[in-house]
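Notes for the one structure printed next.
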Amino acid sequence: MAAPSGGVNCEEFAEFQELLKVMRTIDDRIVHELNTTVPTASFAGKIDASQTCKQLYESLREAHASRDRVIKNCIAQTSSVVKHLREEREKNLDDLTLLKQLRKEQTKLKWMQSELNVEEVVNDRSWKVFNERCRIHFKPPKNE
């Protein structure tokens with residue numbers, strides 16, 4: 001699933017996580033998708049597995065790139081907020097509200113950065129399953 005066209009709300013981490021969950025649907029369902037669309041040897045003549053695998057490959061690539069953009073965009077936005085709050089904090093060391101806000105944004109930034117690790121695991125798993133079922137039907141271009 002591609003990122004929503006209306007932009008992504010990076011303000012609330014829970015909304016950010018929910019969006020990623022929805023965007024990871026293709027990865028969560030890849031085994032089912034492959035089982036229902038890529039034939040076993042006994043049904044090989046009835047379905048064009050190479051076309052099916054190619055379409056799934058393109059869908060996976062698009063989904064992974066889209067999520068990567070969303071995550072990195074939110075990390076950049078949150079990093080900018082953290083930088084601004086640090087600068088404000090340096091000007092006013094006694095402001096506890098500012099300190100709390102800075103800590104909250106720093107924590108959110110760490111959580112968003114950890115989503116990059118989650119994304120790597122999800123992507124690796126999906127590509128492993130894809131390659132197991134589609135390697136004889138479809139060869140991805142070498143430049144990717």
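Reckoned from all heavy atoms, side chains included, excluding hydrogens, waters and symmetry mates. Since this is a predicted model, take the numbers as computed values, not measurements.
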Point to revise | Hydrophobic cluster membership, Val81 vs Phe16, 4.5 Å side-chain cutoff | key: yes

Exercise for review: Just say parallel, tilted or perpendicular for the rings of Trp127 and Tyr57, cut-offs at 30° and 60°.
Suggested key: tilted

Check your understanding: Using 4.0 Å as the upper bound for N to carboxylate O, is an ion pair formed by Lys108 and Glu11?
Key -> no

Revision key, fill the gap. Test salt bridge (Lys or Arg N to Asp or Glu O under 4.0 Å), reference Asp27, set Lys128, Arg125, Arg61, Arg67, output is Arg67

Point to revise | Same apolar cluster (I L V M F W Y, side chains within < 4.5 Å links), Ile71/Val118 | key: no

Review point. With a cut-off of 6.0 Å (strictly less than), are more than 12 heavy atoms of other residues, nucleotides or ligands near NZ of Lys139?
Key: yes

Review point. Under 4.5 Å between any side-chain heavy atoms of Asn117 and Val121, yes or no?
Key: no

Review point. Between Leu109 and Leu99, is there a shared hydrophobic cluster once you connect ILVMFWY residues whose side-chain heavy atoms come closer than 4.5 Å?
Key: no

Review point. Is the closest basic N to carboxylate O distance between Glu58 and Lys54 below 4.0 Å?
Key: no

Check your understanding: Counting only N and O atoms by type, is there a donor-acceptor contact under 3.5 Å from the side chain of Thr78 to the main-chain atoms of Cys74?
Key -> yes

**Study point:** ILVMFWY cluster, Leu116 and Val8 together (side-chain gap under 4.5 Å)
**Key:** yes

Check your understanding: Is the CZ atom of Arg89 crowded by more than 12 outside heavy atoms at less than 6.0 Å?
Key -> yes

Point to revise | Salt bridge Arg24-Glu115, side-chain N to carboxylate O under 4.0 Å | key: yes

**Study point:** Common cluster, Val122/Leu20, ILVMFWY with side-chain heavy-atom separation under 4.5 Å
**Key:** no

